S.K.: 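Let me begin by handing over the structure; questions about it come next.
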Amino acid sequence: MDGVLSSQEKWGLEAIAAGFTVLPNHFLALNQFVEEEKSLSPTEMIVMLQILSAWWSKDRLPFPSKATIATRSGLSPRQVQRAITSLEKKEYIERISRYSTNQGRTSNQFKLTGLVGAVMKAAKEHPAAFKRQSPSKPKVEEEVL
């Protein structure tokens, strides 16, 4: 079944019409595949999910503001700032400054090359991590007379 139609059945037309984000399972479980110093804290994961929700096209980097991320995630702007700084140190994201037409600063773009590379590496090294098992048929015990 088509992914959008299946998602509409699960979440409802109104929710899917507002947009949705496709995420690889290897990203959602990234912590089990990376060394401890590269693992994502819960706050970093929430911030990363908000950044990814604004990444609509491969060729257009996401640029949600810290205020938007904070509002949508229930975090303070300072928590968001610390998480972004940490994600940069872990080399998952790179901030790229943006300027408006009058040369004033605006929200940063986020280059996600490091995150994509980590997810691709995890997927290549652990291809069977999310293989679905076919449900086994229930065994019917023979009656003993």
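Given the structure is predicted, the values throughout are model-derived calculations rather than measurements. Each residue takes its place number in the sequence, starting with 1.
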S.K.: Are more than 12 heavy atoms from other residues, nucleotides or ligands located less than 6.0 Å from atom CD of Glu88?
M.R.: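 It does: Glu88 CD has more than 12 such atoms within range.
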S.K.: Would you indicate whether Arg105, at its atom CZ, is surrounded by more than 12 heavy atoms from other residues, nucleotides or ligands within a distance under 6.0 Å?
M.R.: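 Yes, enclosed.
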S.K.: Quick check: does any side chain N or O of Thr106 sit under 3.5 Å from a backbone N or O of Tyr99, one acting as donor and the other as acceptor?
M.R.: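 Not at all, since once roles are kept as given, no pair shorter than 3.5 Å links the two residues.
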S.K.: Measuring only between side-chain heavy atoms, which start at C-beta, is Val119 closer than 4.5 Å to Tyr92?
M.R.: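 They are not in side-chain contact.
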S.K.: What I want to check is whether the side chains of Ser65 and Thr68 have a donor and an acceptor closer together than 3.5 Å.
M.R.: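 Checked: Ser65/Thr68 side chains pair up, N/O donor to acceptor below 3.5 Å.
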S.K.: Does Ser86 reach the main-chain N or O of Arg82 with its side chain, forming a donor-acceptor pair under 3.5 Å?
M.R.: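 Side chain of Ser86 to backbone of Arg82: no pair is present.
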S.K.: For residues Met120 and Leu87: do they belong to one hydrophobic cluster (side chain heavy atoms under 4.5 Å, members Ile, Leu, Val, Met, Phe, Trp, Tyr)?
M.R.: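 Yes, Met120 and Leu87 fall within the same hydrophobic cluster.
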S.K.: Which heavy atom of Ser73 sits nearest to which heavy atom of Ile46, and what is that distance?
M.R.: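 The pair with the smallest heavy-atom distance is CB-CG2, 3.3 Å.
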S.K.: Val34 and Leu23: same hydrophobic cluster, using ILVMFWY side-chain contacts below 4.5 Å?
M.R.: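 Hydrophobic grouping puts Val34 with Leu23.
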S.K.: Show your reasoning for whether side chain to side chain contact (heavy atoms under 4.5 Å, CB included) applies to Thr113 and Glu94.
M.R.: CA-CA 8 Å; Thr113 307; Glu94 179 185 340; over 6 Å; no
S.K.: Any cation-pi pair here, Arg95 with Phe110, using under 6.0 Å and within 45°?
M.R.: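 No, Arg95 and Phe110 do not form such a contact.
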S.K.: On the six-membered ring of Phe33, is Lys38 placed so that its NZ or CZ lies under 6.0 angstrom from the centre and within 45° of the ring axis?
M.R.: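 Not satisfied by the 6.0 Å and 45° rule.
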S.K.: Check whether Gln79 reaches the backbone of Ser76 with its side chain - one donor and one acceptor, N or O, closer than 3.5 Å.
M.R.: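 Answer holds: yes.
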S.K.: Phe20, Leu112: one ILVMFWY side-chain cluster at the under-4.5 Å cut-off?
M.R.: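 Hydrophobic grouping puts Phe20 apart from Leu112.
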S.K.: Does some side-chain heavy atom of Ile84 sit less than 4.5 Å from a side-chain heavy atom of Lys66?
M.R.: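 Yes, at least one pair of side-chain atoms sits under 4.5 Å.
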S.K.: Using side chain to side chain contact (heavy atoms under 4.5 Å, CB included), reason through Phe27 and Leu49 one step at a time and then give a plain yes or no.
M.R.: CA-CA 10 Å; Phe27 164 72; Leu49 287 168; 3.7 Å; yes
S.K.: Are Trp55 and Val80 connected in the hydrophobic side-chain network, where two residues link if heavy atoms are under 4.5 Å apart?
M.R.: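 Yes, because Trp55 and Val80 connect within a single hydrophobic cluster, where side-chain heavy atoms sit under 4.5 Å apart.
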S.K.: Closer than 3.5 angstrom, by distance alone: can the side chain of His26 be matched with the main-chain N or O of His126 as a donor-acceptor pair?
M.R.: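 Checked: pair present.
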S.K.: For Ser41, is there any backbone N or O sitting under 3.5 Å from a side-chain donor or acceptor partner on Glu44?
M.R.: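 Confirmed, Glu44 side chain pairs with Ser41 backbone.
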S.K.: Indicate the atoms forming the closest heavy-atom contact of Arg98 with Phe63, along with that distance.
M.R.: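 Between these two residues, the closest heavy atoms are NH2-CD1, 3.2 Å.
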S.K.: Group every Ile, Leu, Val, Met, Phe, Trp and Tyr by side-chain heavy-atom contacts under 4.5 Å, then state whether Val116 and Val47 land in the same group.
M.R.: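 Yes, Val116 connects to Val47 through the hydrophobic network.
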S.K.: Rounded to the nearest 0.5 Å, how far apart are CD1 of Ile51 and CG of Asn108?
M.R.: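 CG of Asn108 is found 9.5 Å from CD1 of Ile51.
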S.K.: Is it the case that the side chain of Asn31 and the backbone of Leu40 share a donor-acceptor pair, with hydrogens and angles ignored and the cut-off at 3.5 Å?
M.R.: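 Answer holds: yes.
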S.K.: Would a distance-only check, ignoring hydrogens and angles, find a side-chain to backbone donor-acceptor pair under 3.5 Å from Trp11 to Leu13?
M.R.: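 Between the backbone of Leu13 and the side chain of Trp11 there is no qualifying donor-acceptor contact (under 3.5 Å).
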S.K.: Checking Leu115 against Met48 for the side chain to side chain contact (heavy atoms under 4.5 Å, CB included) test, could you report, in this order, the C-alpha distance in whole Å, the side-chain angles of both residues, the deciding distance, and whether it holds?
M.R.: CA-CA 10 Å; Leu115 176 68; Met48 186 59 75; 3.6 Å; yes
S.K.: Please report the interatomic distance CD1(Ile96) to CD(Gln109), rounded to the nearest 0.5 Å.
M.R.: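 Going from CD1 on Ile96 over to CD on Gln109, the span is 5.5 Å.
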S.K.: Assess the residue pair Ile69 and Leu75 against the criterion (side chain to side chain contact (heavy atoms under 4.5 Å, CB included)); give the C-alpha distance rounded to whole Å, side-chain angles, the decisive distance to 0.1 Å, and a yes or no.
M.R.: CA-CA 8 Å; Ile69 294 170; Leu75 298 170; 5.5 Å; no
S.K.: Lys90 side chain to Ser39 main-chain N or O, any donor-acceptor pair under 3.5 Å?
M.R.: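 Side chain of Lys90 to backbone of Ser39: a pair is present.
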S.K.: With a 4.5 Å cut-off on side-chain heavy atoms, are Leu52 and Pro62 touching?
M.R.: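 Pro62 vs Leu52: side chains apart.
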S.K.: Side chains of Asp59 and Ser57: donor-acceptor distance under 3.5 Å anywhere?
M.R.: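 No, no side-chain donor-acceptor pair sits under 3.5 Å.
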S.K.: Which atoms form the tightest heavy-atom contact between Leu30 and Ala118, and what is the distance?
M.R.: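 Shortest heavy-atom separation between Leu30 and Ala118 comes out as CD1-O, 4.1 Å.
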